[in-house]
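Comments concern the structure below.
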Amino acid sequence: MTDTSDWSGTNLVRSRSFMASEPSPRSRKAPPSGRVKAAPKPVPAEKVVRPTLGNEVYLRLRAMIERGDLKAGDPVPSERDLAIRFGVGRASIREAVLMLAGSGLITVIYGCRPEVADITLVSVLDQVELPMQLMALSLPGATQNLNKARLTFERLAARDAAMFASGDDVARLRECLDQQRDAEGTSAQCRLADLAFHRQIVGSMRNPIASAAFDALLNLLQPARPAGQGTDACQMSCIHEHEGIVEAIASGDPDMAEALISSNLKRELAQSEGSPSQDW
């Protein structure tokens, strides 16, 4: 006979009570998986940015200009031709053209096809003139430092002119003097004639790099220049000093030419800054 004592009502109740007291498999906490939480990714100090298609087109067009495939004055191929050649959209071509124009390698005129620029020292300096002006004049004491640089530059130019200037160079200096005399009494015209005189002294060096650098220096000083040349007495003093400089250059006396142009510039610069000339 089978023993049914284990299936009595009491045992069944106890069994059900035990099962109810045990947590269900779903309610049990899952054991830790053993995984460690990943640390945050480090931020790159110098992240490399993938170049745009426009930048790639710019580099290829620049290489064509550097190799001479596109020469000064040549029109840049049309957007359509470039898009087909490089397999990119016209937006990328326009981006590349803007980058070339910003680099001074091409000139863009509204209504005309862009052309490869005729790159000269003057055009390069013109390209960076405004950034240089903003940078230079934002520095402490910028105007005085630029004027001191001009003084040093012209002293050397006057010495060089006295030693090597030709008869034609001296004749051009005398023409500048005549123009300055004719402009006497008109501040703006006298100022232009004065600058032409100083440019001619530097031009007597027959060094295009020196002339371009001097023009760039004068352009940097443009915002700090006085509106006019000053009183009639100041204009007369300037003309008289210029006459002495021309005679020193014509006689081949570099020491006298340097001393006279130094005195002339110190007076002019002190006048423009409102400081005594001995400060220079």
Side-chain angles (χ1 to χ4, degrees), residues 35-140 142-143 145-146 149-150 153 157 195-196 199 202-203 205-225:
R35 295 180 181 176
V36 180
K37 187 178 180 180
K41 293 183 179 180
V43 179
E46 299 180 18
K47 186 176 181 179
V48 177
V49 180
R50 181 178 298 176
T52 64
L53 291 175
N55 187 72
E56 290 293 332
V57 175
Y58 160 75
L59 293 175
R60 296 193 185 191
L61 289 174
R62 190 180 74 175
M64 292 171 64
I65 295 172
E66 291 172 347
R67 290 195 305 267
D69 298 341
L70 290 172
K71 297 180 175 60
D74 288 348
V76 177
S78 68
E79 286 184 2
R80 181 177 179 276
D81 292 343
L82 290 175
I84 294 173
R85 175 172 182 163
F86 297 123
V88 298
R90 293 197 178 192
S92 298
I93 301 300
R94 295 188 190 105
E95 180 184 350
V97 168
L98 288 175
M99 294 173 69
L100 288 169
S103 302
L105 297 178
I106 65 172
T107 55
V108 179
I109 301 175
Y110 181 76
C112 302
R113 185 180 294 184
E115 293 183 354
V116 178
D118 183 13
I119 301 175
T120 62
L121 181 60
V122 174
S123 68
V124 171
L125 291 174
D126 286 343
Q127 187 74 16
V128 298
E129 178 184 331
L130 180 58
M132 286 176 61
Q133 195 174 85
L134 294 175
M135 177 198 69
L137 297 182
S138 66
L139 299 175
T143 301
N145 288 331
L146 287 171
R150 178 189 172 185
F153 200 119
L195 290 176
R199 282 191 171 98
V202 176
M205 299 172 70
R206 289 184 289 280
N207 184 325
I209 295 178
S211 295
F214 183 66
D215 282 342
L217 181 59
L218 292 182
N219 290 334
L220 286 176
L221 282 164
Q222 178 69 35
R225 288 178 189 168

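These numbers were taken from a predicted model, which means no experiment stands behind them.
In this structure Leu53 satisfies the side-chain contact (heavy atoms from CB on, under 4.5 Å) test together with Val88, Ser92, sequence neighbours excluded. Every side-chain contact (heavy atoms from CB on, under 4.5 Å) that Ala216 has, sequence neighbours left out, goes to Leu125. The salt bridge (Lys or Arg N to Asp or Glu O under 4.0 Å) test applied to Arg85 returns no partner, not counting sequence neighbours.
Contact check for Ser211 versus Arg199: no side-chain heavy atoms found under the 4.5 Å cut-off. Side chains of Arg62 and Ile65 form no contact here, defined as non-hydrogen atoms less than 4.5 Å apart. The shortest distance between side-chain heavy atoms of Asp215 and Val202 does not fall below 4.5 Å. Side-chain contact between Leu105 and Met99 is absent, with no heavy atoms from C-beta onward closer than 4.5 Å. Put simply, the side chain of Leu82 reaches to within 4.5 Å of the side chain of Leu61, judged on heavy atoms. Within the 4.5 Å cutoff, the side chain of Arg94 has no heavy atoms near those of the Leu98 side chain. Glu95 places none of its side-chain heavy atoms less than 4.5 Å from the side chain of Tyr58.
Here the shortest heavy-atom pairing between Arg90 and Ala83 reads CG-CB, 4.5 Å.
Distance check: Leu146 CG to Phe153 CZ gives 13.0 Å after rounding to the nearest 0.5 Å. Interatomic distance, CE of Met64 versus CG of Leu70, reported as 4.0 Å (0.5 Å rounding).
A donor-acceptor pair is defined here as one N or O able to donate and one able to accept, closer than 3.5 Å; no such pair exists between the side chain of Asn55 and the backbone of Thr52.
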